[in-house]
Amino acid sequence: MHRALALAVSALFSTAVFATAVPGQPAPGFTVTDLSGKPVKLEDYKGKTVVLEWINFGCPFVMKHYNSGNMQALQKKYANDVVWLAVNSTNKGHTDWAEPGPLNAQLKQLGAAQARYLVDEPGTVGMAYGAKTTPHMFIIDPQGKVVYNGAIDDKRSTNPADVKTAKNYVVAALDELKAGKPVSTASTTPYGCTIKYK
Amino acid sequence: MKAEDAGKLLLRAVLGLLVLLHGIAKLRFGLGDVATSLARAGLPAALGYLVYLGEVAAPLAVILGWWTRLGALLMAANMAVALVLGHWGHIFQVESHGGLLLEVQFMFLFAAIAVALLGAGRWSLGGAKQRWN
């Protein structure tokens, strides 16, 4: 009885039950098209560090990091070291869905600098990674192993001013990777809007 | 009447638990879509924290049967706000199966009002004599 209860409670609270991209494990592979309709394969980036950023401009938590310039700054800062892939798992029927035209215009206006913008309309990639929120960040090392899964930072708000004082987990992880050190905080609970899966 | 008390307990427990799961998810992942809805309505983001009252504290009170009627009213108010701010655009949208898209939200809202009217019954922490229970 106690065991069953403990199990049920841990199922409710632990991320491990949901997440399938577990730090230390191989990253789930995928092939998906980007905003321009070109196929993108995770395998193609073997030997490089990959950042996956779950994105939706209809979400105020995402906009906090774009209106403050935070996300673009990270994309630019690590442009030489990592392949930055934004992933949008919003389904076509949702009000947050945006057509490629307006979306490209918005990316340009915000100065977004991700390498590719992946359109995961069926939500396959999101499900495979257990992506929960926008934003939700994953880092994959050059060997293809997941080394970070979680929030972008530790201030779980929509206030752009919080970006300055927050501890950014992605920065910490990427800097450790670059220095050849193991990632000390490999897993955190993401925060943001729910992903508008099908 | 035992059956009546059992029925009240069952209604409280199920309604409370189903809503509490939403509250727990918001504790884990933050306010999420509540913040989206508030921002779109032009309301202060800080109001979003009230959802923890409506989806964590109130359901716990309803499950335990402690100030149940007050808890149930808070849950009903929370659901009403959710329907207006979060779902107004498809408030009476009918799905292919013939039911409403928002059937669960309506069930939560009116079940909470029913609990507020019925009270907790004897099988509750507050018992039959507590005010608002």
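Letters A, B, ... mirror the listed sequences (proteins, then strands); counts begin at 1.
Side-chain heavy atoms closer than 4.5 Å link hydrophobic residues (I, L, V, M, F, W, Y) into clusters, and following such links, even through other members, never connects L109(B) to V51(B). When hydrophobic clusters are built by joining Ile, Leu, Val, Met, Phe, Trp and Tyr residues whose side-chain heavy atoms come closer than 4.5 Å, directly or via intermediates, W66(B) is not grouped with V62(B). There is no path of hydrophobic side-chain contacts, each under 4.5 Å, that joins L70(B) to M75(B). Under a hydrophobic clustering in which Ile, Leu, Val, Met, Phe, Trp and Tyr are joined whenever their side-chain heavy atoms come within less than 4.5 Å, directly or via other members, L117(B) and L9(B) fall into different clusters. In this structure, L100(B) is a member of the same hydrophobic cluster as V104(B), with clusters built from ILVMFWY side-chain heavy atoms closer than 4.5 Å.
Atom OG1 of T36(B) and atom CG of D96(A) lie 7.0 Å apart (nearest 0.5 Å). How far CZ of R28(B) is from OG1 of T133(A): 10.5 Å, rounded to the nearest 0.5 Å.
Of all non-hydrogen atoms in R156(A) and L27(B), the two that sit nearest each other are NH2-O, 4.3 Å.
W97(A) CH2: more than 12 foreign heavy atoms inside a 6.0 Å radius. Heavy-atom contacts from other residues, nucleotides or ligands closer than 6.0 Å to CD of E43(A) number 12 or fewer.
When heavy atoms are compared at a cutoff of 4.5 Å, A35(B) approaches chain A by way of both its backbone and its side chain. Within the 4.5 angstrom heavy-atom criterion, atoms from both the backbone and the side chain of T194(A) approach chain B. Contacts between N159(A) and chain B at a heavy-atom distance below 4.5 Å are absent for every atom of the residue.
Using a 4.5 Å heavy-atom cut-off against chain B, the contacting residues of residues 53-74 of chain A are G58(A), P60(A), F61(A).
D33(B) has its side chain within reach of K196(A): a pair of non-hydrogen atoms, C-beta onward, lies under 4.5 Å apart.
When each of S157(A), C193(A), A151(A) is checked for heavy-atom pairs under 4.5 Å with chain B, C193(A) comes out on top.
Using a 4.5 Å cut-off between side-chain heavy atoms of Ile, Leu, Val, Met, Phe, Trp and Tyr, V146(A) forms no hydrophobic cluster with any other residue.
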